[in-house]
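Below is one structure; the comments refer to it alone.
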2 protein chains.
Amino acid sequence: MLKLTKKADYGLIALKYLAEHPETPALSAKDIADAYGIPAQLLAKILQLMTKKGLLRSHAGMNGGYALAREAREISAYEVILAIDGPFFITSCTKGAKSCELTPSCTIKEPLARVNDTIAGVLKSISIQDLAEHEQPGMPANGAAGLVSLRL
Amino acid sequence: MLKLTKKADYGLIALKYLAEHPETPALSAKDIADAYGIPAQLLAKILQLMTKKGLLRSHAGMNGGYALAREAREISAYEVILAIDGPFFITSCTKGAKSCELTPSCTIKEPLARVNDTIAGVLKSISIQDLAEHEQPGMPANGAAGLVSLRL
DNA sequence: TCAGTATACGACCAATTGTGTCGGGATTAC
DNA sequence: GTAATCCCGACACAATTGGTCGTATACTGA
C-alpha cells in the first residue's frame, strides 16, 4: 500500500534522535527505545542492520552504543529505507531474473519504473539533517507542498 | 516496503488494456484476465471496485463488461491506486484521530508527509494514457529519468 | 419467457509479510 | 569478573494480501 514499514520509521526516528544529540559519544539502543516507547529489542536489531550497512558506528561494552557513521547531512532517507527494508520497487514484478514470467505482457512496469526512480530521487534528497531540523511548526500550511516536474 | 499491491498492479494493467482497445464497447473481466493470466475472479473484484469509485462503467448481461468511465488521459494512476488500495500514507503513523499516541514524539512524520505529497503528485501526473502510450522500447536508457525538485 | 452471459457481493481460506520476543554469545569498561 | 552493551539466529504472533467459492442479480437475445 505504498507505505514505510514501522521498522523503517523506527530507523529514521533513531537516526534523527542521534542527529539531535551530537554531543554524546554514543547512545544505547535502550536509550533511544525508551525515549520513544519503541520495543527495545526490535530497535536494537534495526540499529544493528544500519550498522552493518555503514550508516552507524557501534561500540559494545559499558557506555557503548551507537553513533552516526557520517554527518547527518550526508545520510539520506533513501539509504535508511534501503538498509532496513531492502531495495524497493514500486511494481510487484521487479526487473532482473524471474520477473513477470507468467505475464510476459506486464507492460505497465516500464513507465512505473520511472515513477519508482522519481520517488527514490525524492528520498535521496532528504537527509537525516532535514528531519532533525524541521521542528518549527511554522510552515504556513500551504497546500502547494513540493513542486514536482516529472519528465516521462 | 513501499510497493504497490498486486491488486493495484492488476487494476492499472486492466485500465491500460481498456485504454488500448477503445473501439470495443466493453470488455469482460474474463477477457482481460485471460489476456494477462490474472485470476479472473480476483480481477473481477478489482474492476467492481473501480466501477464503484467511478473509474469504470459496467454493463451486465451478454456482451457486457467494463469500459473506461472517462478518457484515459483523464484517469490518473493516483486515482486507481487510491480506489484499490485506499488512501496511502508513507508514514505508518497517519494524521487524524489516533495517530502516534504512544509516541508523541514521532516528529519524523511531518517532513515525510511532504515526501508523501510529492509522491502523490507524481502519481497524479501519470495518466492511464501515459501507461498505454509507452510501448516503444526506444527510450535511450538515460539514467537521468525524471527531474524532480522538492521544496522542503 | 427462458437460457446464457455477465456483473455484484459477501464469506472464507491460504500465503506472505510485518512485528515483536527470546535466548545465547561476544565485547568492552570499570 | 561483572555489568553493560552490541550481535545474531530462531521463533511466535498478528496483520495484510492474494485468491477462491457460492450465490444473487442484471441484462441480452432468441
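Throughout, a chain's letter reflects where its sequence line sits, starting with A, and its residues are numbered from 1. Keep in mind it's a predicted model, so treat the numbers as computed, not measured. Reckoned from all heavy atoms, side chains included, excluding hydrogens, waters and symmetry mates.
Taking a cutoff of 4.0 Å between a charged side-chain nitrogen and a carboxylate oxygen, Arg73(A) and Glu133(A) qualify as a salt bridge. Between Glu79(B) and Arg70(B), at least one side-chain nitrogen of the basic residue sits less than 4.0 Å from a carboxylate oxygen of the acidic one, meeting the salt-bridge criterion.
At whole-Å resolution of the value, CG in Leu27(B) and C1' in dA6(C) are 13 Å apart. The nearest whole Å value for the distance from the CD1 atom in Ile84(B) to the C1' atom in dT17(D) is 13 Å. Going from atom CD1 of Ile13(B) over to atom C1' of dG18(D) covers 14 Å, rounded to whole Å. Atom-to-atom, CD1 of Ile46(B) to P of dA8(C) comes out at 14 Å; the value is rounded to the nearest Å. Nucleotide dT21(C) holds its C1' atom 16 Å from the CD1 atom of Ile38(A), rounded to whole Å. The CG-P distance, from Leu49(B) to dT7(C), rounds to 15 Å in whole Å. For the pair Asp9(B) CG and dT17(D) P, the interatomic distance rounds to 13 Å; values are reported in whole Å. The distance from atom CD of Gln48(A) to atom P of dT27(C) is 14 Å, rounded to the nearest whole Å.
Ala29(A) comes within 4.0 angstrom of the backbone, heavy atoms only, and of no base.
When the nearest nucleotides of DNA chain C are assigned to Pro39(A) and Met62(A) by heavy-atom distance, the more 5′-ward of the two goes with Pro39(A).
Listed candidates were dT19(C), dC7(D), dG18(D). Nearest to the side chain of Lys7(B) is dG18(D). In this structure, the nucleotide among dT5(D), dG22(D), dT19(C) sitting nearest to the side chain of Gln41(B) is dG22(D). The listed nucleotides are dC6(D), dT19(C), dC8(D); the one nearest the side chain of Leu42(A) is dT19(C). Counting only heavy atoms from C-beta on, Thr5(B) has its side chain closest to dT17(D) among dT28(D), dG20(C), dT17(D).
Judged by distance alone, with hydrogens and angles left aside, Lys45(B) brings a side-chain donor or acceptor within reach of the base of dT20(D), the pair sitting under 3.5 Å.
In this structure, the side chains of Asn116(A) and Lys3(B) stay at 4.5 Å or more apart for every pair of heavy atoms. Contact check for Met50(A) versus Leu15(A): side-chain heavy atoms found under the 4.5 Å cut-off. Under the 4.5 Å side-chain criterion, counting only non-hydrogen atoms from C-beta, Leu112(B) is in contact with Leu12(A).
OP1 or OP2 of dC7(D) lies within a sub-4.0 Å distance of a side-chain N or O belonging to Ser58(A). OP1 or OP2 of dT17(D) has not a single side-chain nitrogen or oxygen of Tyr10(B) nearer than 4.0 Å. Contact between the side-chain N/O atoms of His59(A) and the OP1/OP2 oxygens of dA29(C) is found at a separation under 4.0 Å.
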